[in-house]
Amino acid sequence: MDYLRVYGSDKLGAIVLTGALGGVTPFRMPPADDPDAMRFAEVRKLQMSDDFDERRQAAEVMVDMLTAGPIPEPYREIFMNAGFMMPLYARGPMITRKLDNQDLQAKLDKLPTLLMIGLEDSPTTVEDAPMLAERYDNVSYIGYEGVGHSAFFEQPERFNADLREFVTRGRSAAAPAAPTGLTAP
């Protein structure tokens with residue numbers, strides 16, 4: 001959505017959003033007593049800590065928060081280390097940034113858009129994705145049962161097949177019609 005805001009849609013053939021809706025729907029805070037929200041707030045504090053052990057602990061917890069099921073250990077270690085390596089100067093703006101792209105919502109009707117959402121992800125994302133697909137003709141929605149924020153990792157075969165089908169459909173729709181009634185010279 002940042003690309004769309006800065007550069008427009010002229011060079012885009014489609015939009016695919018997975019794990020989030022890019023701020024095109026209003027942000028809604030979960031109730032204050034929501035255990036996942038409270039845990040997430042605690043993890044955010046640890047992520048910004050100057051203490052090495054606290055940041056490592058946050059990275060470990062965050063990996064588990066991004067998936068609905070257990071992650072095989074080699075992958076878990078890779079994801080945890082990748083999250084841990086993000087420098088504080090980059091993480092800070094990610095945490096404090098207001099992600100509000102509601103003004104771009106109408107652009108979804110101009111570009112083929114696919115929403116690929118794990119049904120165990122944020123309740124607001126899970127609720128808002130089908131609503132967007134109903135509102136805009138060019139928006140398609142796929143919900144993944146038993147998947148959290150990382151459909152591409154948790155169900156890679158299905159995710160890749162769904163993405164491939166979306167791209168193939170888009171290419172077919174964009175292809176010029178074959179000429180008819182022509183005869184060879």
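- For the pair Met62/Phe40, a side-chain contact is recorded, criterion being any heavy-atom separation below 4.5 Å from C-beta on.
- How far CG of Leu12 is from CG of Leu111: 6.0 Å, rounded to the nearest 0.5 Å.
- In terms of the salt bridge (charged side-chain N to carboxylate O under 4.0 Å, His left out) criterion, Asp36 has no residue partners (sequence neighbours excluded).
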Donor-acceptor contacts under 3.5 Å from residues 80-95 side chains, at least two apart:
{"from": "Asn81", "atom 1": "OD1", "to": "Arg56", "atom 2": "NH1", "distance (Å)": "3.3"}
{"from": "Asn81", "atom 1": "ND2", "to": "Glu77", "atom 2": "O", "distance (Å)": "3.1"}
{"from": "Arg91", "atom 1": "NH2", "to": "Gly83", "atom 2": "O", "distance (Å)": "2.7"}

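- There is no path of hydrophobic side-chain contacts, each under 4.5 Å, that joins Leu66 to Phe79.
- Within a 6.0 Å radius of OH in Tyr3, other residues, nucleotides and ligands contribute more than 12 heavy atoms.
- Arg164 pairs by the salt bridge (charged side-chain N to carboxylate O under 4.0 Å, His left out) definition with nothing, not counting sequence neighbours.
- Put simply, CG on Leu99 and CZ on Phe27 are 9.5 Å apart, with the number rounded to the nearest 0.5 Å.
- Looking only at distances, no side-chain donor or acceptor of Glu145 sits under 3.5 Å from a matching main-chain atom of Leu119.
- Heavy atoms only, all atoms of each residue included: Phe153 and Thr67 are closest at CD2-CG2, 4.4 Å.
- Rounding to the nearest 0.5 Å gives a distance of 6.0 Å between CD1 of Ile71 and CG of Asp64.
- Between Ala68 and Gly146, the closest heavy-atom pair is CB-O, 3.3 Å.
- In plain terms, the two heavy atoms of Asn101 and Gly22 that are nearest each other are ND2-O, 2.7 Å.
- Panel note: side chain His149, backbone Asp121; no donor-acceptor pair is recorded below 3.5 Å.
- In this structure, NZ in Lys110 is found 10.5 Å from CG in Leu4, a value given to the nearest 0.5 Å.
- No more than 12 heavy atoms of other residues, nucleotides or ligands shown are found within 6.0 angstrom of CG on Asp50.
- Shortest non-hydrogen contact noted between Ser49 and Glu54 is OG-OE1, 2.5 Å.
- Using a 4.5 Å cut-off on side-chain heavy atoms (C-beta onward), Ile142 and Leu115 make no contact.
- Using a 4.5 Å cut-off on side-chain heavy atoms (C-beta onward), Arg28 and Glu127 make contact.
- You'll find the side chain of Thr124 stays beyond 4.5 Å of the side chain of Thr25, heavy atoms only.
- The two residues Gln47 and Arg55 come nearest to each other via the heavy atoms O-CD, 3.2 Å.
- Within the 4.5 Å cutoff, the side chain of Gln102 has heavy atoms near those of the Pro26 side chain.
- Partners of Gln155 under the side-chain contact (heavy atoms from CB on, under 4.5 Å) rule, at least two apart in sequence or in another chain, are Tyr144, Val147, Arg158.
- With Thr18 contributing its side chain and Met116 its backbone, the two residues share a donor-acceptor pair below 3.5 Å.
- The side-chain heavy atoms of Lys107 and Val24, taken from C-beta on, include no pair separated by under 4.5 Å.
- Under the 4.5 Å side-chain contact rule for hydrophobic residues, Phe159 and Val126 do not share a cluster.
- Put simply, the side chain of Thr125 never gets that close to the backbone of Pro123: no donor and acceptor are under 3.5 Å apart.
- Heavy atoms only, all atoms of each residue included: Met38 and Asp33 are closest at CE-O, 3.8 Å.
- Under the rule for a side-chain contact (heavy atoms from CB on, under 4.5 Å), the partners of Phe166 that lie at least two apart in sequence or sit in another chain are Ala14, Val16, Pro112, Leu114, Arg169.
- Between Ile117 and Leu21 there is a side-chain heavy-atom pair separated by less than 4.5 Å.
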Please tabulate, one pair per line, all N/O donor-acceptor pairs under 3.5 Å involving side-chain atoms of residues 129-140, not counting sequence neighbours.
{"from": "Arg135", "atom 1": "NH1", "to": "Gln105", "atom 2": "OE1", "distance (Å)": "2.5"}
{"from": "Tyr136", "atom 1": "OH", "to": "Gln105", "atom 2": "OE1", "distance (Å)": "2.9"}
{"from": "Asn138", "atom 1": "ND2", "to": "Asp109", "atom 2": "O", "distance (Å)": "2.5"}

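- Leu104 and Tyr141 fall within the same hydrophobic cluster, defined by Ile, Leu, Val, Met, Phe, Trp and Tyr side-chain heavy atoms under 4.5 Å apart, directly or through other members.
- Considering only heavy atoms from C-beta on, Met65 comes within 4.5 Å of Val61 through its side chain.
- Hydrophobic clustering of Ile, Leu, Val, Met, Phe, Trp and Tyr side chains at less than 4.5 Å, counting indirect connections, keeps Leu17 apart from Phe152.
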